[in-house]
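Remember, it's 1-based here, ligands and their atoms both numbered in the order they're listed.
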Amino acid sequence: MSLLRILVLHGPNLNLLGCRETGIYGTTTLADIDNQLTVLAAQLKCQVISLQSNHEGTLVDAIQAAMGEYDGILINAAAYTHTSVALRDALAAVNLPTVEVHLSNIYRRDTFRHQSYIAAIAIGQISGFGAQSYTLGLQALVDHLRQQTSC
Ligand code: DQA
């Protein structure tokens with residue numbers, strides 16, 4: 001089994017997890033989430049590299065740089081989910097299998113959160129399971145990549 005490389009991208013304000021709107025996002029920190037992903041990645045025999053940025057252009061640069069370096073992308077674009085054509089275009093351009101995740105169930109919240117610019121170019125979306133959305137997303141992405149390479 002080849003060692004898959006997964007880029008994990010966290011969008012704006014996710015660096016504040018643990019103290020940010022804890023009634024919605026819980027008390028798990030971003031470092032906790034990255035640790036959970038690293039533990040799961042070891043079990044799945046893949047490698048995860050995580051990046052958080054509050055800047056759209058930094059995230060676009062990271063997506064572009066992923067081409068040829070990573071096998072897939074796990075992304076919580078946070079507020080950029082609902083606003084950023086630039087992130088969607090970058091993901092479409094590199095054409096790497098992508099899974100979109102959200103801690104909260106975006107469809108139970110404000111109507112402006114119901115639209116995702118990323119959903120249509122992602123393999124799938126996991127929303128509403130707190131930190132577990134990330135681990136479910138990583139598992140789904142790795143399963144998808146392994147199925148792709150086995151046929
Ligand atoms: C979020 C949902 C977004 O609507 C919000 O802007 C975030 C976090 C989530 O993980 O639930 O910052 O992506």
Subject >> Joint cluster assignment, Leu4 & Leu91, ILVMFWY side-chain distance < 4.5 Å >> reply: no
Original post:
Would you call the rings of His82 and His102 parallel, tilted or perpendicular, where under 30° means parallel and over 60° means perpendicular?
Top reply: parallel
Subject >> Under 3.5 Å: donor-acceptor pair, side chain of Ser84, backbone of Thr81 >> reply: no
Original post:
In this structure, which one of Asn35, Thr28, Thr29 forms a side-chain hydrogen bond (donor to acceptor under 3.5 Å, both in side chains) with Asp32?
Top reply: Thr29
**OP:** Please examine the side chains of Leu141 and Pro97, heavy atoms only from C-beta on, and report whether any two atoms are closer than 4.5 Å.
**Re:** yes
Original post:
Which residues pass the salt bridge (charged side-chain N to carboxylate O under 4.0 Å, His left out) test with Arg88, sequence neighbours left out?
Top reply: none
Could you tell me, for ligand 1, which of its N or O atoms are under 3.5 Å from any protein N or O, listing the pairs and their distances rounded to 0.1 Å?
| unit_1 | atom_1 | unit_2 | atom_2 | d |
| --- | --- | --- | --- | --- |
| ligand 1 | 4 (O) | His82 | NE2 | 2.7 |
| ligand 1 | 4 (O) | Arg113 | NH1 | 2.9 |
| ligand 1 | 6 (O) | Ala79 | N | 3.2 |
| ligand 1 | 6 (O) | Arg113 | NH1 | 3.1 |
| ligand 1 | 10 (O) | Asn76 | ND2 | 2.9 |
| ligand 1 | 10 (O) | Leu103 | N | 2.8 |
| ligand 1 | 11 (O) | Leu103 | N | 3.3 |
| ligand 1 | 11 (O) | Ser104 | N | 2.8 |
| ligand 1 | 11 (O) | Ser104 | OG | 2.5 |
| ligand 1 | 12 (O) | Arg20 | NH1 | 3.2 |
| ligand 1 | 12 (O) | Arg20 | NH2 | 3.0 |
| ligand 1 | 13 (O) | Asn76 | OD1 | 2.8 |
| ligand 1 | 13 (O) | His102 | ND1 | 2.8 |

